[in-house]
**Student:** 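Quick one: this structure, given as structure tokens, is what I'll be asking you about.
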Amino acid sequence: MATYDKGDQVRVTATFKTAGTLTETTATALHRLPDGTNKSPDPSVEDGSEDGIYYVDIQLSQIGTHTIKIASTDDVIASETIELVVTKSIFDHA
């Protein structure tokens with residue numbers, strides 16, 4: 001699993017398909033921080049370059065494991081969840 005430095009920004013993508021075909025849908029995102037709280041407001045989900053591909057840009061502001069969930073709430077009922085591990089940067093002397 002890749003690790004990231006505190007302060008990095010990461011783009012998380014989700015792909016939704018029906019019978020193997022990319023399907024446009026309505027998607028929402030949740031960002032659970034390492035301290036157990038949810039990021040507020042929820043991250044904005046953006047349309048990708050094709051129907052059925054969505055992304056969120058996440059700012060990794062805490063050390064620990066960030067959990068990102070992008071869920072479809074429309075034509076395709078599905079979700080994609082990813083965990084991002086954040087460590088202290090060797091350049092962070094604070």
Side-chain angles (χ1 to χ4, degrees):
M1 176 184 304
T3 59
Y4 300 90
D5 292 334
K6 180 180 174 187
D8 283 354
Q9 182 170 306
V10 177
R11 179 164 286 182
V12 177
T13 61
T15 302
F16 297 102
K17 295 181 178 183
T18 301
T21 302
L22 290 169
T23 305
E24 189 169 344
T25 187
T26 302
T28 60
L30 294 172
H31 177 186
R32 170 120 344 125
L33 299 167
D35 66 8
T37 61
N38 287 337
K39 180 82 173 176
S40 181
D42 293 334
S44 294
V45 178
E46 303 293 333
D47 289 337
S49 58
E50 297 180 56
D51 286 348
I53 299 177
Y54 299 88
Y55 68 89
V56 294
D57 291 326
I58 301 296
Q59 188 71 33
L60 302 173
S61 59
Q62 292 181 6
I63 293 173
T65 301
H66 293 248
T67 305
I68 316 305
K69 179 179 180 179
I70 301 176
S72 169
T73 58
D74 199 11
D75 296 328
V76 181
I77 306 300
S79 66
E80 199 160 318
T81 303
I82 187 170
E83 291 184 334
L84 306 171
V85 176
V86 178
T87 60
K88 183 178 178 181
S89 170
I90 61 170
F91 300 104
D92 184 6
H93 299 289

**Student:** Test side-chain contact (heavy atoms from CB on, under 4.5 Å) on Thr28 and Asp42; report intermediate values, then the result.
**Tutor:** CA-CA 8 Å; Thr28 60; Asp42 293 334; over 6 Å; no
**Student:** What salt bridge (Lys or Arg N to Asp or Glu O under 4.0 Å) pairs are there with at least one residue in residues 49-58, not counting sequence neighbours?
**Tutor:** Arg11-Asp57
**Student:** Compare every heavy atom of Gln59 with every heavy atom of Gly7, then report the nearest pair and how far apart it is.
**Tutor:** O-NE2, 2.7 Å
**Student:** If you link ILVMFWY side chains whenever their heavy atoms are less than 4.5 Å apart, which other residues fall into the same cluster as Ile53? By chain and number, please.
**Tutor:** Leu22
**Student:** Please step through side-chain contact (heavy atoms from CB on, under 4.5 Å) for the pair Ile58 and Gln9, ending with a clear verdict.
**Tutor:** CA-CA 5 Å; Ile58 301 296; Gln9 182 170 306; over 6 Å; no
**Student:** With sequence neighbours left out, what residues match Ser79 under side chain to side chain donor-acceptor pair (under 3.5 Å)?
**Tutor:** none
**Student:** Spell out, yes or no, whether Val85 and Leu33 are grouped together once hydrophobic residues are joined by side-chain heavy atoms under 4.5 Å, including indirect joins.
**Tutor:** no
**Student:** With rounding to the nearest 0.5 Å, note down the distance linking OG1 in Thr25 to CD1 in Ile77.
**Tutor:** 6.5 Å
**Student:** Backbone N or O of Ala29 within a donor-acceptor pair of the Tyr54 side chain at under 3.5 Å?
**Tutor:** no
**Student:** Please report the C-alpha distance between Leu84 and Asp8 in whole Å, then the side-chain angles of each, then the deciding distance to 0.1 Å, and finally whether the side-chain contact (heavy atoms from CB on, under 4.5 Å) criterion is met.
**Tutor:** CA-CA 11 Å; Leu84 306 171; Asp8 283 354; over 6 Å; no
**Student:** Sequence neighbours excluded, which residues qualify as side chain to side chain donor-acceptor pair (under 3.5 Å) partners of Asp74?
**Tutor:** Thr26
**Student:** Please give me the minimum heavy-atom distance between Ala27 and Phe16, naming the atom from each residue.
**Tutor:** CB-CE1, 4.4 Å
**Student:** Taking all atoms of both residues into account, what is the closest heavy-atom pair of Gln62 and His66, and its distance?
**Tutor:** O-NE2, 2.8 Å
**Student:** Is it the case that the side chain of Glu46 and the backbone of Val56 share a donor-acceptor pair, with hydrogens and angles ignored and the cut-off at 3.5 Å?
**Tutor:** no
**Student:** Show the nearest heavy-atom pair for residues His31 and Pro43, with the distance to one decimal.
**Tutor:** CB-CG, 3.8 Å
**Student:** Are the side chains of Val10 and Ile68 in contact, using a 4.5 Å heavy-atom criterion?
**Tutor:** no
**Student:** Side chain to side chain donor-acceptor pair (under 3.5 Å) with Thr37: which residues, sequence neighbours excluded?
**Tutor:** Asp35
**Student:** Are Val76 and Val45 linked, directly or through other ILVMFWY residues, by side chains that come within less than 4.5 angstrom of each other?
**Tutor:** yes
**Student:** Can any side-chain N or O of Thr23 pair as donor or acceptor with the backbone N or O of Thr18 at less than 3.5 Å?
**Tutor:** yes
**Student:** Taking only residues two or more places apart in sequence, or in another chain, which ones meet Ile63 in a side-chain contact (heavy atoms from CB on, under 4.5 Å)?
**Tutor:** Lys6, Lys88
**Student:** If you take all heavy atoms of Tyr4 and Leu60, which pair is closest and at what distance?
**Tutor:** CB-CD1, 3.6 Å
